[in-house]
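Reviewing the structure listed below.
Throughout, protein chains are lettered first and strands after them, A, B, ... in sequence-line order, and every chain is numbered starting at 1.
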Amino acid sequence: MSVKIVYADGTVGEVADANAALEIYRHSTSHLMAAAVTSLFPDTHLGIGPAISDGFYYDFARPQGFVAEDLQKIEKRMRELASMDLKYEPSIIAKEEAIEYFTGQGEHLKVELIQEKAGERLSCYRLGDFVDFCTGPHLVSTSQIDPESFRVLNMAGSYWKGDEHNQQLQRIYGTAFLTSEELKAYLTQLEEAKKRDHRKLGRDLDLFSISEEAGPGLAFWHPKGTRVRLLVEEFLRKELYRRGYEFVTTPHVARDALWKTSGHYDYYRQNMYVFNIDEDEFVLKPMNCPGHIQIYKSQMRSYRDLPLRFAEFGTVYRYEKSGVLHGLLRVRGFTQDDAHIFSTREQVGDEISALIDLVLFVMKSFGFDQYKVELSVRDESKKEDYAGTEEDWHMAEEALTASLRARGIEWTRMEGEAVFYGPKIDVKLIDAIGRPWQLSTVQFDFTLPKRFNLGYTGSDGQVHQPVMLHRALLGSVERFLGVLIEHYAGAFPVWLAPVQVVVIPIAERHHEYARKVASRLTEADLRVEIDDRNEKMGYKIRSAQTQKIPYMLVVGDKEVESGTVSVRNRFQGDEGSRPLEEFLRIIEETVKTRSVRP
RNA sequence: GCUGGCGUAGCUCAGCCGGUAGAGCAGCUGAUUUGUAAUCAGCGGGUCGGGGGUUCAAAUCCUCUCGCCAGCUCCA
């Protein structure tokens, strides 16, 4: 469907593209919201109010802020204004005139924006009594906004121009869709996301907890959560050994001297836990790289030794601001599936290719098949902020893009997003309900080899400096498991499920057979429980279903007699009886293939 | 860290214009011996996040503090 719009110069047009139309629609709804807010609260001043990926927001400056009840009032006022058929009236005026007007209105933030804008003339849109400096385009009239297709959702603080040193504004979020059905679907999806919340599932499935007494941002892994964790780690460990990595183990604390050499002491101090013992100062490690470098440096290295790939499930601790902590996704103590590759310049291209293969293989194995790749490079205008030579950056970027190109992987180039010590590739996974998660990262490092004066003897007998790559596949085990829980909504694939099978005897006389069944499966290395509680079968099934256990084996008189099990699958329900050995073959195959659905 | 909201039993929540706590689920005990998502009955369980204050009296009001939630900034 096409939407009628009005451009800044007053011409009227139509937009047929659904995405473009939605963006304009949301932007216009945000103006409607601002109009509602300024009419309800005349002492409010304006920030900016764009459309965003799933709605829109508007930032307001109001000393006393807003309270939750204000949101309802605002929404109500928006409906009233929408029904008044107000026109979005554009006008093009001189910059001077605009400054004068907004200064007169006390809109100093708008004035600031206008002053920064180049050009002599600019456009404004009027909506009733509300005038905003805006390039448009907009809907023609508020009558185009379906009062049932938008919502004012929540509010939060935000910094002017996104800078925490600036004044803090009140941001009000809303969402809008072209139809009320789409709004409804969106709200349903929010509910869905809530049901998958790993913090809730972590408790319900008894996977992990975070204790107020022990401190925020520190996860305690329960037996079932630890099982999943170990399974993930075992899978990776096996795969990494297969691909030429060596595992190493490094201490959790090290003298300040190490961190001074690495530079973290100066650049990362605000995130480090530092403490004194006797005369010495120690740091709880926030990163594993200096440790791996110690191992590299423990002996002379030759080009024949390279590449060296040191891997570690390295637990690090970083002080994070209290407001950023979030379940397992953002914690203060976490385990990186870290590795550092030391290679010659000639080898680095192959290493990156191998890494990309590895990342894709690992993600696929865990059931993710959608992803986005970002290549972060330095800000060309601020080269002095970055370490490494011109040649370093060129070589690194070349190596990264060549590998991506060779695999036909599409990527987005992120200007100015590189870390100061080198460019990187980040892989963002898309989960089951379409949300992106930043996990894998491959980063060049031009500074640590220099700081630690790393070298190897080349075939020419001269000492050369190795290239160093940091890489993590899962990022951190904690974050990855959080994402995995949400991706599967707690129903892990059979190979990762903490409990794979629960045997459900119907009555007490079937307990002995149930134990026989369970021990046969346990012998085959399956994770089995028997529910021999004094309850009805339906109760036990419900209990197993809510625990998302992949298979329930019901055993009663018939099964005891025939040596079978009645198989119930958590997704499909009752599958009927089959001989125990046959079930065993099926589940073993499911585990072996790491099949997502049993 | 900042803005706003919220902390009552293991979980979800009621009680909150002040009169010292309640439900459902979970747990425990007993009865029941059960055929594909909740059998019945009984019992135990809370220094109402913590400190201070106002008051004859505080889960309810004020204040400080800790934590959680939604964002912002930052990030694996």
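- Ring pair A/Tyr267/A/Phe420 is tilted by interplanar angle, where 30° to 60° counts as tilted.
- Not one side-chain nitrogen or oxygen of A/Arg171 sits closer than 4.0 Å to the OP1 or OP2 atom of B/A70.
- Residue A/Thr441 places no side-chain N or O under 4.0 Å from the OP1 or OP2 atom of B/A76.
- You'll find that the side chain of A/Gln545 is closest to B/A37, out of B/G67, B/A37, B/G35.
- Under the Watson-Crick or G-U wobble criterion, with both distances below 3.5 Å, B/C72 is paired with B/G1.
- A sub-4.0 Å separation between OP1 or OP2 of B/A70 and a side-chain N or O of A/His326 is present.
- Distances were taken from every side-chain heavy atom of A/Arg542 (C-beta onward) to each of B/A38, B/U34, B/C75; the shortest belongs to B/A38.
- Taking atom P in both B/A38 and B/G1, the straight-line distance is 47 Å, to the nearest Å.
- Here the nucleotide nearest the side chain of A/Arg203, chosen from B/A70, B/A76, B/C11, is B/C11.
- Across all strands shown, B/G27 pairs with B/C43; the Watson-Crick or G-U wobble distances both stay below 3.5 Å.
- Closest to the side chain of A/Ile506, out of B/C66, B/U33, B/G35, is B/G35.
- With a cut-off of 3.5 Å on both pairing distances, the Watson-Crick or G-U wobble partner of B/C13 is B/G22.
- At the phosphate of B/C72, OP1 or OP2 sits under 4.0 Å from a side-chain N or O atom of A/Tyr173.
- Pair assignment for B/A38: none, as no Watson-Crick or G-U wobble contacts are both less than 3.5 Å.
- A/Arg479 and A/Gln438 form no side-chain donor-acceptor contact under 3.5 Å, judged by distance and modelled atom types alone.
- Between A/His340 and A/His292, the ring-plane angle classifies as perpendicular under the 30° and 60° cut-offs.
- Remark: of the listed residues A/Val503, A/Ile506, A/Ile530, A/Asp532, A/Asp532 is the sole one forming a side chain to side chain contact (heavy atoms under 4.5 Å, CB included) with A/His511.
- A donor N or O paired with an acceptor N or O is not found under 3.5 Å between the base of B/U3 and the side-chain atoms of A/Gln170.
- When each of B/G7, B/U73, B/G4 is scored by its nearest atom to the side-chain atoms of A/Met155, the top-ranked nucleotide is B/G4.
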